[in-house]
Amino acid sequence: GAVVSQHPSRVICKSGTSVKIECRSLDFQATTMFWYRQFPKQSLMLMATSNEGSKATYEQGVEKDKFLINHASLTLSTLTVTSAHPEDSSFYICSARVKDYSTFGPGTRLTVT
Amino acid sequence: AQKVTQAQTEISVVEKEDVTLDCVYETRDTTYYLFWYKQPPSGELVFLIRRNSFDEQNEISGRYSWNFQKSTSSFNFTITASQVVDSAVYFCARAGISGGSNYKLTFGKGTLLTVNP
């Protein structure tokens with residue numbers, strides 16, 4: 001149980017375009033989801049906390065207008081990278097809170113050309 | 001910020017050697033969780049263990065063992081008789097439980113373990 005999926009697993013987009021990443025809890029409801037970013041050979045850094053039915057909470061230094069988060073249902077949170085640039089190329093991982101722990105999705109590798 | 005420090009950036013061992021990955025953490029939370037994750041080249045995080053701050057018992061799972069020392073804020077991970085398949089990046093992480101911590105994880109920078117045949 002407690003499986004989280006992400007779609008797409010890989011995406012390549014052109015600079016200036018927007019890309020949406022989906023995070024789904026498959027067999028449970030998740031009122032809270034988290035979005036992390038991992039640059040090559042670096043650690044995972046929390047970007048934002050996504051709460052169902054309310055605005056996301058962003059970590060310091062993360063541009064909320066660039067990284068739009070929508071958590072419209074108890075099983076789906078989306079991260080939209082707007083006007084993507086090459087420096088946004090990264091591995092984006094979501095996690096969903098399950099009772100007293102979090103379970104991670106498989107990640108989405110974004111490459112902006 | 002409440003940091004998690006993994007001082008070892010890279011470790012290289014020969015198969016069958018034992019290896020210990022160090023983790024030291026900072027926390028202001030009275031209750032918290034500590035974690036270890038494995039990240040193979042595919043990128044997916046593989047959950048290894050979660051330890052509650054109240055439980056200082058050491059744990060063994062097959063070739064893996066964990067030593068939690070609250071007095072020194074350390075949560076070290078040992079792999080005995082290492083195998084090539086153990087090669088990966090290993091992350092230590094903590095999450096606060098109380099107040100607004102909300103189970104957000106803070107990760108260390110990771111240790112790249114290479115096990116050579």
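Naming convention: chains lettered A, B, ... in sequence-line order (proteins, then strands); numbering from 1 in each chain. In what follows, every heavy atom counts, from backbone to side chain, and hydrogens, waters and symmetry copies are set aside. Being a predicted model, the structure only gives us computed values, none of them experimental.
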Undergrad: Do Arg37(A) and Trp35(A) come within less than 4.5 Å of each other through their side chains, counting heavy atoms only?
TA: no
Undergrad: Please flag which part of Leu112(B) lies under 4.5 Å from any non-hydrogen atom of chain A: side chain, backbone, both or neither.
TA: neither
Undergrad: side-chain contact (heavy atoms from CB on, under 4.5 Å) for Trp66(B) and Ser61(B)? Distances and angles first, verdict last.
TA: CA-CA 9 Å; Trp66(B) 291 269; Ser61(B) 176; 4.0 Å; yes
Undergrad: Taking side chain as everything from C-beta outward and backbone as N, CA, C, O, which of these in Gln38(A) sits under 4.5 Å from a heavy atom of chain B? Side chain, backbone, both or neither.
TA: side chain
Undergrad: Taking the six-membered ring of Tyr33(B) as reference, does the NZ or CZ atom of Arg50(B) fall below 6.0 Å from its centre and within a 45° cone about the axis?
TA: yes
Undergrad: Go through the atoms of Phe47(B) and report whether side chain, backbone, both or neither lie under 4.5 Å from a heavy atom of chain A.
TA: neither
Undergrad: Quick one: are Thr31(B) and Ser53(B) in side-chain contact, heavy atoms under 4.5 Å?
TA: yes
Undergrad: So which residue, Gly108(B), Gly110(B), Ala93(B), ends up with the most heavy-atom pairs under 4.5 Å with chain A?
TA: Gly108(B)
Undergrad: Tell me, for Ser42(B) versus chain A, whether the close heavy atoms (under 4.5 Å) come from the side chain, the backbone, both or neither.
TA: backbone
Undergrad: Check whether Glu59(A) gets within reach of chain B through its side chain, its backbone, both or neither, counting any heavy atom under 4.5 Å.
TA: side chain
Undergrad: Checking Leu44(A) against chain B: side chain, backbone, both or neither under 4.5 Å from a heavy atom?
TA: both
Undergrad: Of the backbone (N, CA, C, O) and the side chain (C-beta and beyond), which part of Gln6(B) lies under 4.5 Å from a heavy atom of chain A, both, or neither?
TA: neither
Undergrad: Between Phe68(B), Phe35(B), Trp36(B), which is the residue that forms a ring pair (Phe, Tyr, Trp, His ring centres under 6.0 Å) with Phe77(B)?
TA: Trp36(B)
Undergrad: Would you call the rings of Phe104(A) and Tyr37(B) parallel, tilted or perpendicular, where under 30° means parallel and over 60° means perpendicular?
TA: perpendicular
